[in-house]
Protein chains: 2
Amino acid sequence: MANGASSPVPTIYQVAERAGVSIATVSRAFSDPSKVAPRTLDAVLEAARVLRYVPAAAARALAVRRSKALGVVLPHIDGPYYAELLVGFEVAASELGLSVVLALLNPQEPRHLSVLDLLGRVDGVAFMARSGAQDDTVRQVADVRPTVSVARGQVEGVDAFYAENRAAARQLTEHLIEHGRRRIGFVGRLEEGSDIGQRHVGYLEALEEAGLAPAERFEKDPVEASGLEIAEMLLAVERERNDADAGAAGADDATGIAGLDALVCGNDELAMAIISRLTAAGVDVPGRLAVTGWDDTVTARYLTPGLTTVRQDVAELGALAAQRLAALIDGDTSQSPVTVDSNVVLRQSCGCAPDPVPALA
Amino acid sequence: MANGASSPVPTIYQVAERAGVSIATVSRAFSDPSKVAPRTLDAVLEAARVLRYVPAAAARALAVRRSKALGVVLPHIDGPYYAELLVGFEVAASELGLSVVLALLNPQEPRHLSVLDLLGRVDGVAFMARSGAQDDTVRQVADVRPTVSVARGQVEGVDAFYAENRAAARQLTEHLIEHGRRRIGFVGRLEEGSDIGQRHVGYLEALEEAGLAPAERFEKDPVEASGLEIAEMLLAVERERNDADAGAAGADDATGIAGLDALVCGNDELAMAIISRLTAAGVDVPGRLAVTGWDDTVTARYLTPGLTTVRQDVAELGALAAQRLAALIDGDTSQSPVTVDSNVVLRQSCGCAPDPVPALA
DNA sequence: TGTCACGCTGTAAGCGCTTCCAGCTCTGAT
DNA sequence: ATCAGAGCTGGAAGCGCTTACAGCGTGACA
């Protein structure tokens with residue numbers, strides 16, 4: 001900074017002195033201008049301006065016993081998913097005049113300390129995404145501060161916000177069945193949070209209704225590497241089968257690979273990786289294997305084939321969470337879980353035909 | 001929360017009383033345990049535990065005149081780019097024992113107030129990405145608090161951090177020239193920040209060295225919609241040309257569209273949209289038009305053709321910024337700008353051949 | 001046995017705000 | 001002319017912590 005370090009940081013006292021008023025008046029000038037006479041107000045504001053006065057939030061927080069800040073704890077973000085969640089939350093919070101303090105929590109190393117640190121400086125906290133191992137932490141925090149849980153497994157007594165999962169998964173699976181798929185697999189770690197758990201339930205419902213048995217389930221984290229692994233696995237199995245069948249009728253070959261003809265994946269990243277690896281190996285997607293994602297990443301529509309996935313209004317979810325958290329802080333009581341809608345987005349990876357596009361003359 | 005609201009929030013006094021010591025001892029127990037006798041320490045910690053004591057950060061901040069928090073101001077995030085930047089920053093900050101408070105600043109509506117708010121509660125602030133209009137804000141903040149500028153236009157007297165742009169752009173452009181491209185366009189709003197400006201410089205250098213004239217430049221924001229617009233524009237121009245040439249030799253047609261045979265784009269999103277639209281219209285990319293992106297989005301490699309782009313270690317950038325900011329707060333003096341390397345990632349959209357991949361037996 | 005140093009602890013003075021309360025100055029009604 | 005009340009303002013008491021500073025008991029040493 002230019003000089004900040006040299007001159008002492010101005011406080012309400014300096015401003016008061018320069019404006020020729022008491023600190024009480026300066027305080028009022030900032031918190032409720034209508035309480036001070038116009039002339040006085042001008043003088044105060046002017047003094048504050050020339051001194052570059054910035055009210056010390058800590059002092060205010062101490063005096064009013066409110067920090068006017070909300071905490072967010074997230075797993076180490078990367079996906080656009082978390083970013084969107086965070087943006088929705090921040091925008092809503094700042095509209096309520098609340099700051100947002102961010103804590104990234106690597107599920108591997110709990111860093112319990114950093115949570116304590118966070119707690120001390122916020123009026124409430126939102127736990128977003130990832131669940132399971134963290135549930136204890138959530139519970140402890142909830143004992144001490146207003147708390148909400150967003151897009152993650154629910155915790156007893158903590159207000160929960162999540163996108164609708166079950167119905168969308170069911171719808172998605174039904175769609176695959178309509179495409180004639182019969183051996184539909186599922187990719188996702190169930191205990192990792194009820195989000196994926198719910199999707200699995202919807203998936204099972206659709207299968208049951210159609211009188212189909214669930215096909216293989218892959219218990220994998222929803223990341224690129226898992227997708228690659230799964231693809232390799234499928235390819236290996238298929239190769240083996242072919243070797244075994246050597247010379248025999250390749251009846252099983254027209255559609256299907258390794259005994260599957262469709263795969264419902266936990267998110268787009270996973271689906272993308274699987275499709276890419278399979279396609280590179282010459283497997284026709286969706287011809288032999290339909291693959292669906294979840295999240296509707298920006299790029300999903302640019303893939304070949306276009307990725308059929310599920311769109312959730314994650315920003316809205318974040319915003320709702322921030323608003324409820326603010327309400328809880330103001331003394332509102334807990335309410336029932338809130339869900340936002342999800343929409344299945346059909347593109348080509350499920351077997352749908354591409355939209356016709358005008359060609360270059 | 002379960003009960004928090006009912007029982008009064010425990011303070012250092014309650015803990016002291018319950019442990020049978022003075023508040024000074026409790027304070028020491030938390031800030032420097034070695035200053036307290038082991039037996040006493042145990043008693044204090046135990047009392048704190050049963051009372052669920054959480055030290056009030058505000059009070060501490062007031063007493064030590066340090067909030068132990070860093071501010072980050074970002075434009076309304078979405079891209080993975082910002083998310084990565086933020087993650088790098090947060091991780092580094094938390095390793096230094098500093099919290100991160102986040103402020104999203106929509107360049108459209110300045111919300112100057114929210115910046116003031118932020119200033120009051122942090123020891124230093126990092127301005128990330130997007131520049132131009134915000135420069136004044138940065139300057140004002142820098143007058144009052146230690147400040148760094150990350151991945152954005154530089155401001156006099158403010159420590160800057162950015163990814164190398166010029167050399168990478170030059171290298172990328174040279175690569176296109178090696179592919180035989182001669183009419184290479186550029187997409188990016190120059191005044192929007194020196195990032196893209198630097199890339200433009202590198203691009204020009206490469207052209208000049210090769211004795212080529214720069215082709216058309218599209219002054220567009222780096223978002224999906226712009227990409228679509230540009231693609232439509234190219235298609236329209238091309239259609240017109242074809243109509244004009246009707247019957248004449250289609251010599252210009254083998255490679256090139258609308259007078260261009262390559263396009264260097266400001267980011268991946270833009271490039272993706274252009275490629276998608278053109279491909280859908282039957283234009284061969286990279287056959288007729290090579291297109292490159294910037295950022296190496298996760299999905300870049302999954303596109304068809306694979307997107308040639310530039311990879312920057314954005315997380316590293318964020319981390320460096322956090323560390324420097326912490327140093328500035330501790331009284332270090334400003335230093336020269338820091339840049340992290342960028343690497344050109346060649347895939348197929350520039351005209352390179354795809355990697356061979358083992359096919360399914 | 002006295003002295004001193006050392007380790008541990010408590011007392012108390014802030015840190016920069018908010019806000020209750022009281023007091024002052026006007027105005028308008030009586 | 002008097003007084004009630006409204007409108008503004010200042011005094012002062014905290015908010016929950018940190019951190020000199022001083023005091024105490026103890027053991028080492030002379």
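Since we're looking at a predicted model, the values are computed, not measured. A, B, ... follow the sequence lines: proteins, then strands. Residue 1 opens every chain.
- In this structure, of D/dT18, C/dC17, C/dC8, it is C/dC17 that holds the atom nearest to the side chain of A/Ile12.
- Aromatic pair B/Tyr53/B/Phe30: centroids less than 6.0 angstrom apart.
- A close approach under 4.0 Å does not occur between any side-chain nitrogen or oxygen of B/Ser27 and OP1 or OP2 of D/dC17.
- Taking CG from A/Leu98 and CZ from A/Phe89, the interatomic distance works out to 8.5 Å, rounded to the nearest 0.5 Å.
- Phosphate contact (OP1/OP2 of D/dC17, side-chain N/O of B/Tyr53, threshold under 4.0 Å): present.
- Per the geometry, NZ belonging to B/Lys35 stands 12 Å off P belonging to C/dG7, to the nearest Å.
- At the heavy-atom level, B/Ala24 lies under 4.0 Å from base atoms of the strands shown.
- Applying side-chain contact (heavy atoms from CB on, under 4.5 Å) to B/Val101 and the options B/Leu118, B/Val125, B/Asp117 leaves one that passes, B/Leu118.
- Rounded to a whole Å, the NZ atom of B/Lys68 is 12 Å from the P atom of D/dT18.
- Residues B/Met128 and B/Arg152 are not in side-chain contact: their nearest non-hydrogen atoms beyond the backbone lie 4.5 Å or more apart.
- To the nearest angstrom, C1' of D/dT19 lies 16 Å from CZ of B/Arg66.
- Looking at the side chain of B/Val64, the nearest of the listed nucleotides D/dT18, D/dT9, D/dC15 is D/dT18.
- Here the P atom of nucleotide D/dT19 and the CG atom of B/Asp32 are 10 Å apart, to the nearest Å.
- The distance between atom CG of A/Leu51 and atom C1' of C/dG16, rounded to the nearest whole Å, is 15 Å.
- For C/dG16, the OP1/OP2 oxygens have no side-chain nitrogen or oxygen of A/Thr11 closer than 4.0 Å.
- The distance from atom CZ of B/Arg39 to atom C1' of D/dT26 is 16 Å, rounded to the nearest whole Å.
- Checking the phosphate oxygens (OP1, OP2) of D/dC15, no side-chain nitrogen or oxygen of A/Arg65 falls inside 4.0 Å.
- In this structure, the nucleotide among D/dC17, D/dT19, C/dG16 sitting nearest to the side chain of B/Tyr13 is D/dC17.
- Residue A/Val26 is out of contact with every strand shown, counting any heavy-atom pair closer than 4.0 Å.
- A/Phe30 places its CZ atom 15 Å from the P atom of D/dT9, with the value rounded to the nearest Å.
- The shortest distance between the side-chain N/O atoms of A/Thr40 and the OP1/OP2 oxygens of D/dT9 is below 4.0 Å.
- Between B/Ala59 and B/Ser22, it is B/Ser22 whose nearest contact on DNA chain C lies nearer the 5' terminus.
- With hydrogens and angles left out, the side chain of B/Arg28 and the base of C/dG10 share a donor-acceptor pair within 3.5 Å.
- The distance from atom CZ of A/Arg121 to atom P of D/dC17 is 14 Å, rounded to the nearest whole Å.
- Listed for the A/Arg145 side chain is a donor-acceptor partner under 3.5 Å among the backbone atoms of A/Leu119.
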